[in-house]
Structure formats: C-alpha cells, structure tokens
Amino acid sequence: MKKIYLDYAATTPVKANVLEKMMPFFTDKFANPSSIHSFGEEAVFALDDSRKAVAQFLNSHQREVVFTASATEANNMAVLGASNNGHIITSSFEHEAVLGPCKTHTDVTYLPVYKEGVVKVEDVLKEIKENTTLISIMYVNSEIGTIQPIKEIGEALEEVNKNRKNKILFHTDAVQAANYLSCDVNNLKVDLLTLSGHKIYGPKGVGVLYVREGSKISQILYGAHQERGHRPGTENIPAIVGMGEAIRSIDVNDSKKTKTMRDKVIDGITSSISGAALNGSRENRIANNINITFTGVEGESMLIALNEEGIAVSTGSACASNSLSPSHVLLSLGLSHRAAHGSLRITLGSMTTEKEIDELLTKLPPIVERLREISGR
Amino acid sequence: MKSYYSKEAVQRFMHPKFFGEMKDADAVGVVGNERCGDEMEIYIKVDNGKIINASFRTLGCAAAIATSDVVCEMVIGKNIKDAVELTEKEMVEKLEYLPNTKVHCASLALNGLRAAVENYEK
C-alpha cells in the first residue's frame, strides 16, 4: 500500500536540493564560524549566504535576521524579549509557543477570533493601553489555516505609534504562511516575525526571528556573542544552510495548484458527507489547509481508520494528544467540545497529487459512516 | 518497536463485534461526557443473574471503541457479580497493550458496565 501524507502543517520533508546543500556542512565544512582560521571562514560565508536568502525573502536587512534553534524559541524571544513588563495584546488562538510565554505575564489581552477565525483590526486598536508594549498576532493559524489581517494591523499601528512615546512592537508568527504568502516585513509593517525551517521543506531544529532595526528586545538566553547576542550558542550551520536553501526554493506558483486541490477536498467532503462543516473562514484561508468537523464521530477514531488505509492526517481532538481538552483553536471559534473533538485537519503540500486527493475522497465517507453506526449518532 | 495501538486494539476498532443499540436490553449504563470526548452506552441482557448478551454504542476514539468491544465480550456468559469484578488490567491484557494515555478508556468502558449492572439491580 502506498502511503499518503496529508499532514504538511505538522512538518514537511526536506527537499532534495536542500539536503544536498546541507550535507558538506556536517563533514568537510564542519567548522565553527566563530573561529578565525580558514575553516571557520567557510562557515561564516555559509552563514552569511543563508542570512542573505532570508533577508531577501523578508525584504529586510541581513543584520535584522536572527537564526534560532526553532520557531518556538523565536516566538519566546519575541514575546519575552519585547513585552518589557508591559501590556501584551495577542489572540486566543495563537500557537502554544506564543501563548506559553504570554502566560508568564499578568497583563495580557486575548482577542476573540469569532466564528470565522479571524482577528478584527478594530478589536486590536480598542485594546491598546498606555502601557501596551507588544502585539503578537499569527499570520496564519496552524490548525484552521485562517489568514489574519497582519498588514492592516501593521498600518493601523503605525498611525497609533506616531503619537506614542513608547512605541508598541508588532510581532507575527508567520510559520504557516511562508510557503504561500508574501512575508515582506515592510509591506506587513511588522517589527518581529517568526519563521520555521521544517515547515518550508527545510530541516528541523532551525528557525528565524526577524528583528527590525531599532526594536529594543531584551535577550532571554545569555552566553556568547552569536547572532548579535540575541541568540547565543554555536550556530547550527547545516540547518541554517538548509533554511537558506529552503527559503530560496519557495515557489509562489505552488499556491494556485494547492488551492485548487484544497477546494476540491472541501467541496468533496462537505457534499458527500452529511454533517460535515468547514472550520474557519473559507475566503481568508491558506492554500493548503482543510479543517472539518463531523457530527457524531470523534477525530482520533477517523485518524486511526484513515491511517489503516495509509492516509495520514491530524485532529484537534483531545484523544489524539496528551491533554484532556480539545484544541483551544477550535474552542476559540465557539465550537462545542463535542464538535471540537470531531475535527480533522488535512494539510496539503508540494508532493500532494490529484490522485492522493481522490483516494482520500473515496476512503473517508465509508469511514465516517461506519463510525456513526458505532456511535449511534 | 511498538506501534501506537496494538494489532488487537486496531482489529477491535476496525471490526467491533458487539456494537449497536440493544432493543430488548434489561439495562443500560451511560458514561462519559462530551467534554472529554468519549460517550459510551453499555447494554446488558440478564437471565437468571447471568449476562447473556452485551452491546455498546460509543462516540469516541479508537481505544474507546476497542475497549467497549472488549468489555462486552468479556462479560457475556458471566454472572453479574463476577462481571463487575472485571479489571482494567484484564481488559488491557486482552488488547495486548494500550498507550498509557488511553488506559482511562478501559476504565470508562468498565464504568459503563458497572453502571448498567447498577441500573439492572435498581
């Protein structure tokens, strides 16, 4: 049985050209870029080259690019580094890597995201206080794929900041956006932006925090001088090289093809299975995300049944995690616990084919039907 | 390397033998709640103090379905006094193993059976 991977939002495989570029940096070109001999120089060149690739992608200066060991680390650096004991505005459905550090603060506003799963710009503006120091809103939600109005918030905030002595910094977690949306920081008007290597066909263990020149963020890790002190620790050169190559390999044309397949999946499932509803806005949605709730079925059981057919997906049900509560993202949309438990997330990627989609659309309806017989609902 | 679920658990989940509402049941035990995600109904038919048939309806994960099926199979033919003595451990053994985070599903199925017996004895 040929297995079908439809969980690209969880992680992506490393592209062949990316791996090829990384390989020499494990062995021949192994040096520490802090060493000033010729070996070290080679590592410095590689580091600079990757930084250049990321800066080009972000339309930023190279010195504004900070390599980290993960997107989680980058998000922690942004929230803990920029909050400066002030008031934080974020949304209720951020990734745990933003919500986690926010929870260490007392003065945080969690914005509603409504049924559509989209933050309202006016809500952001309404919550700004005298002591607000940071706004952190994700670019694309990782579970339901809804696109947030980052540029609109950035533009509105620019106006607000004109009349403030203490400027509010604006951070966006763009991990799920990078494959399909422009991450031009000057267009989005963000001060801080997070990227991840393994969501863009690069390696795991590398992330990026873009830090706009002049943004004062305190460091959360202490050590040597690497990454201008923002992220001490010897640079993971193979992974950073992979990040650079992965970012250069992003193909905006993928978006159109993926979106067509996404729509086929959404329409196929909701028309062939009763009691199946898309979670989050269809209009403001990333090209590769499908998240659907099914009545009378629990998500993990659908996942396991699909897995038996060789199809890999994900769910927001508590039963597929170690927690007792279903996805906070789905609950933030106003879904009941039961509905949140009955969700499936299907995420497409560059290797997804029409044939795989057809296979999913054939295999899923009988599974849902069978599980509904068992649940009697 | 162990897969997440045992072969037996997957087999039970994919092809349960005891699911379905029992129209002529003597009692039913309803457990779980929609917050936790698992909702179970365990039906029993009793004759002369002995469980002669059992079935279930479960909205829940693969483990919840597999353990519902196991509990039904294990109590059919048992005296109700013996049936309530059944343990999670025996159920898990019947399934070869269960992931640690799923052992509570066996407890839930067991509680469903005990609730059914309690209702029968009322």
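Below, chain A is the first sequence line, B the second, and so on; all start at residue 1. Because the structure is predicted, anything quoted here is derived from the model rather than measured.
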**Q** Using a 6.0 Å cut-off, check whether atom NZ of B:K50 has over 12 heavy atoms from anything other than its own residue.
**A**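 No, because the 6.0 Å sphere around NZ of B:K50 holds 12 heavy atoms or fewer from other groups.
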**Q** How far apart are the closest heavy atoms of A:E298 and B:L59, and which atoms are they?
**A**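 For A:E298 and B:L59, the tightest heavy-atom pair comes out as N-CD1, 3.7 Å.
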**Q** In terms of heavy-atom pairs under 4.5 Å, which option from B:K102, B:M40, B:E21, B:H104 contacts chain A the most?
**A**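 With the most close heavy-atom pairs to chain A, the winner is B:K102.
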**Q** For residues 327-334 of chain A, tabulate all N or O donor-acceptor pairs below 3.5 Å that involve a side-chain atom, not counting sequence neighbours.
**A**
residue : atom : partner : partner atom : Å
A:S327  : OG   : A:E143  : OE1          : 2.6
A:S327  : OG   : A:V329  : N            : 3.1
A:S327  : OG   : A:L330  : N            : 3.0
A:H328  : NE2  : A:E94   : O            : 2.8
A:S332  : OG   : A:V329  : O            : 2.5

**Q** If you round to the nearest 0.5 Å, how far is OG1 of B:T58 from CG of A:L371?
**A**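 A:L371 CG to B:T58 OG1: 11.0 Å, rounded to 0.5 Å.
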**Q** Give a yes or no answer on whether the side chain of A:E300 reaches the backbone of B:A62 with a donor-acceptor pair at less than 3.5 Å.
**A**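 Yes.
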**Q** Does anything in residues 338-347 of chain A reach chain B? List residues with heavy atoms under 4.5 Å apart, or say none.
**A**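 Near chain B, by residue number: A:R338, A:H341.
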**Q** Are there over 12 heavy-atom neighbours, none belonging to A:E96, within less than 6.0 Å of that residue's CD?
**A**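 Yes, because the 6.0 Å sphere around CD of A:E96 holds more than 12 heavy atoms from other groups.
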**Q** Given a strict heavy-atom distance threshold of 4.5 Å, which part of B:E39 is in contact with chain A: side chain, backbone, both, or neither?
**A**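 Answer is both: backbone and side chain atoms of B:E39 are under 4.5 Å from chain A.
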**Q** Please round to the nearest 0.5 Å and tell me the distance separating atom SG of B:C61 and atom CD1 of A:I304.
**A**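 Nearest 0.5 Å value for the SG-CD1 distance: 8.5 Å.
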**Q** To the nearest 0.5 angstrom, please state how far the CZ atom of B:F56 sits from the CD1 atom of A:I374.
**A**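 Between B:F56 CZ and A:I374 CD1, I get 5.5 Å after rounding to 0.5 Å.
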**Q** According to salt bridge (Lys or Arg N to Asp or Glu O under 4.0 Å), who are the partners of A:R370, at least two apart in sequence or on a separate chain?
**A**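 With neighbours one apart ignored, the set is empty.
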**Q** Which residues, numbered in order, of residues 350-368 of chain A come under 4.5 angstrom of chain B by heavy-atom distance?
**A**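 If one takes a 4.5 Å heavy-atom cut-off, no residue of residues 350-368 of chain A lies near chain B.
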**Q** What part of B:D38 gets closer than 4.5 Å to chain A, counting heavy atoms only: side chain, backbone, both or neither?
**A**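 The answer is the side chain of B:D38.
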**Q** May I ask you to check whether over 12 heavy atoms, not counting those of B:D24, lie within 6.0 Å of atom CG?
**A**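 Atom CG in B:D24 is packed in, count exceeds 12.
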